[in-house]
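Residues take their numbers from the sequence shown, with the count starting at 1. Values below: all heavy atoms of this structure, side chains included; hydrogens, waters and symmetry mates excluded.
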Amino acid sequence: MAALKHEVLLRLRAIELIAYWEGRLITTQLMDWFGITRQQASSDINRYNSQFNPDSLVHSPALKGYVPSAGFRPVLTSGHINEYMGLIASQGSEPMAQVLETHASVASVQLPDRAIRPEVIREVIKACRGAGSLSIVYASMSSPQLHERVISPHTLVYTGFRWHVRAYCHKRQAFRDFLLSRIDRTPKLSLESAPAADVDALWQEQITLTLIPNTLLTTAQQALVERDFSMPDGRLQLTVRKALAHYTLQRYQAAITEQEAGRVREHPLQLLSADRVKLDPYLFNSSSE
């Protein structure tokens, strides 16, 4: 392992993560992400399948790619969803968690490891890519008992703290956010017709949010916050999808209400009051399930 070049190890880890979480691996994906030839991609897959995790990948002519064997277990990664998140976010560049691992003088904080199973991710990704619908067994804070839902997912979302899927809920007849860790069993294909993602208004429409230093901070403290967040003219403007506005504010630890702004240690930033007014119609009627 130690003798492997870093870029080779990254590709082998990518092979494992894609196979484990997506359930299908194709050479084109490796070619596009890492800028390698088809021959090199095939060689990497064969190397992983012979030297590192023997017979763990099976070629499927029907799917035109490799699928994990029944007993597939990760050997180069830990099987955490955060590793897959890092790979997807990097899109072929070195995932930050793996960059940090190579430097003894740099450390990172482990993100929460949500209880998300690869079987769930695989079916959700298939449905997103194929515009299909799924029958899921789900529990939420408002309905903590397991129950069936039919959803039509279109996008996987990572908020910085958790994974959810943006999907049309056939029960509520509206687009909602479903936490992947709350899907209890392997989703099953449903014959319900899936509405197109372009009719999800809050997903398609964007809004610009303006963040400012918390006005309860001292002048010196506000100047520090401006420097921390590279805020020209004391403001930071973010253009985001309306469906992601609340998550964006959470990620920035920005106070939305006056009550939150009163907790200055928790919220060094706050949302401009004018923006809070224009967010009122939907921000505080959460679409999370």
Side-chain angles (χ1 to χ4, degrees), residues 21-22 29 32-33 81 84-92 114 116 120-136 138 140-142 149-183 187 189-211 235-254 256-257 269-289:
W21 289 105
E22 297 189 12
Q29 203 165 3
D32 292 342
W33 284 7
I81 184 66
Y84 175 72
M85 173 273 294
L87 173 68
I88 297 301
S90 70
Q91 286 291 311
R114 300 278 183 169
I116 303 173
V120 171
I121 294 286
R122 293 171 191 172
E123 296 305 319
V124 169
I125 288 176
K126 284 182 192 176
C128 287
R129 290 175 174 170
S133 297
L134 297 172
S135 175
I136 64 173
Y138 194 74
S140 65
M141 294 300 286
S142 59
R149 291 281 189 96
V150 175
I151 64 172
S152 300
H154 65 71
T155 308
L156 278 177
V157 177
Y158 182 66
T159 67
F161 301 102
R162 67 183 195 177
W163 280 91
H164 71 256
V165 61
R166 183 74 175 172
Y168 181 79
C169 175
H170 291 264
K171 176 184 177 181
R172 299 190 182 276
Q173 297 187 327
F175 285 94
R176 313 285 289 185
D177 299 335
F178 291 85
L179 276 178
L180 294 176
S181 58
R182 293 180 182 168
I183 298 178
L189 186 65
S190 170
L191 297 180
E192 291 280 358
S193 178
D198 57 14
V199 300
D200 184 354
L202 294 185
W203 184 260
Q204 299 299 331
E205 296 171 6
Q206 294 192 322
I207 192 167
T208 298
L209 305 174
T210 302
L211 303 183
R235 297 187 173 200
L236 177 63
Q237 289 195 313
L238 307 168
T239 300
V240 299
R241 297 181 188 273
K242 287 183 176 180
L244 300 179
H246 200 178
Y247 302 116
T248 302
L249 294 173
Q250 288 178 333
R251 187 70 188 267
Y252 275 85
Q253 295 181 289
I256 301 173
T257 65
L269 296 173
Q270 69 182 73
L271 182 66
L272 195 68
S273 57
D275 284 357
R276 184 191 186 283
V277 173
K278 64 184 178 182
L279 287 178
D280 270 345
Y282 63 89
L283 182 60
F284 301 101
N285 296 317
S286 175
S287 62
S288 295
E289 283 290 338

Would you say [X] and [Y] make side-chain contact, with heavy atoms under 4.5 Å?
X    : Y    : answer
P153 : F178 : no
C128 : T155 : no
S181 : R162 : no
L271 : L211 : yes
T159 : R251 : no
H164 : E289 : no
D177 : V157 : no
Y168 : D200 : no

What closest approach, in Å, do [X] and [Y] show between heavy atoms, and which atom pair accounts for it?
X    : Y    : answer
Q204 : D198 : NE2-CA, 3.4 Å
S133 : S152 : OG-OG, 2.6 Å
H170 : S193 : CE1-O, 3.1 Å
L179 : Y138 : N-OH, 2.9 Å
W21  : I125 : O-CD1, 4.3 Å

- request: Check step by step if side-chain contact (heavy atoms from CB on, under 4.5 Å) holds for I207 and V240.
  value: CA-CA 6 Å; I207 192 167; V240 299; 4.2 Å; yes
message: Check this for me: does any side-chain nitrogen of one of E22 and R129 sit under 4.0 Å from a carboxylate oxygen of the other?
response: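 Result for this pair is yes, salt bridge flagged.
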Measure the spacing between [atom1] of [X] and [atom2] of [Y] and express it to the nearest 0.5 Å.
X    : Y    : atom1 : atom2 : value
D275 : L209 : CG    : CG    : 6.0 Å
S140 : R149 : OG    : CZ    : 6.0 Å
L244 : Q206 : CG    : CD    : 9.5 Å

- request: Please say whether more than 12 non-hydrogen atoms of neighbouring residues, nucleotides or ligands are located less than 6.0 Å from OH in Y252.
  value: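 For Y252, atom OH is not crowded (no more than 12 foreign heavy atoms under 6.0 Å).
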message: A quick test of your reading: do over 12 heavy atoms of other residues, nucleotides or ligands sit less than 6.0 Å from CZ of R235?
response: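 Counting neighbours around CZ of R235, 12 or fewer heavy atoms of other residues, nucleotides or ligands fall under 6.0 Å, so no.
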Keeping [X] on the side-chain end and [Y] on the backbone end, is there a donor-acceptor pair under 3.5 Å?
X    : Y    : value
R241 : W203 : yes
E123 : L189 : no
T210 : L272 : no

L202 and R166: CA distance, side-chain angles, deciding distance, side-chain contact (heavy atoms from CB on, under 4.5 Å) verdict: CA-CA 11 Å; L202 294 185; R166 183 74 175 172; 3.8 Å; yes
field: Residue pair V124, I151: steps toward the side-chain contact (heavy atoms from CB on, under 4.5 Å) verdict
entry: CA-CA 10 Å; V124 169; I151 64 172; 5.7 Å; no
field: T257 vs R276, side-chain contact (heavy atoms from CB on, under 4.5 Å): CA-CA, chis, key distance, verdict
entry: CA-CA 8 Å; T257 65; R276 184 191 186 283; 3.8 Å; yes
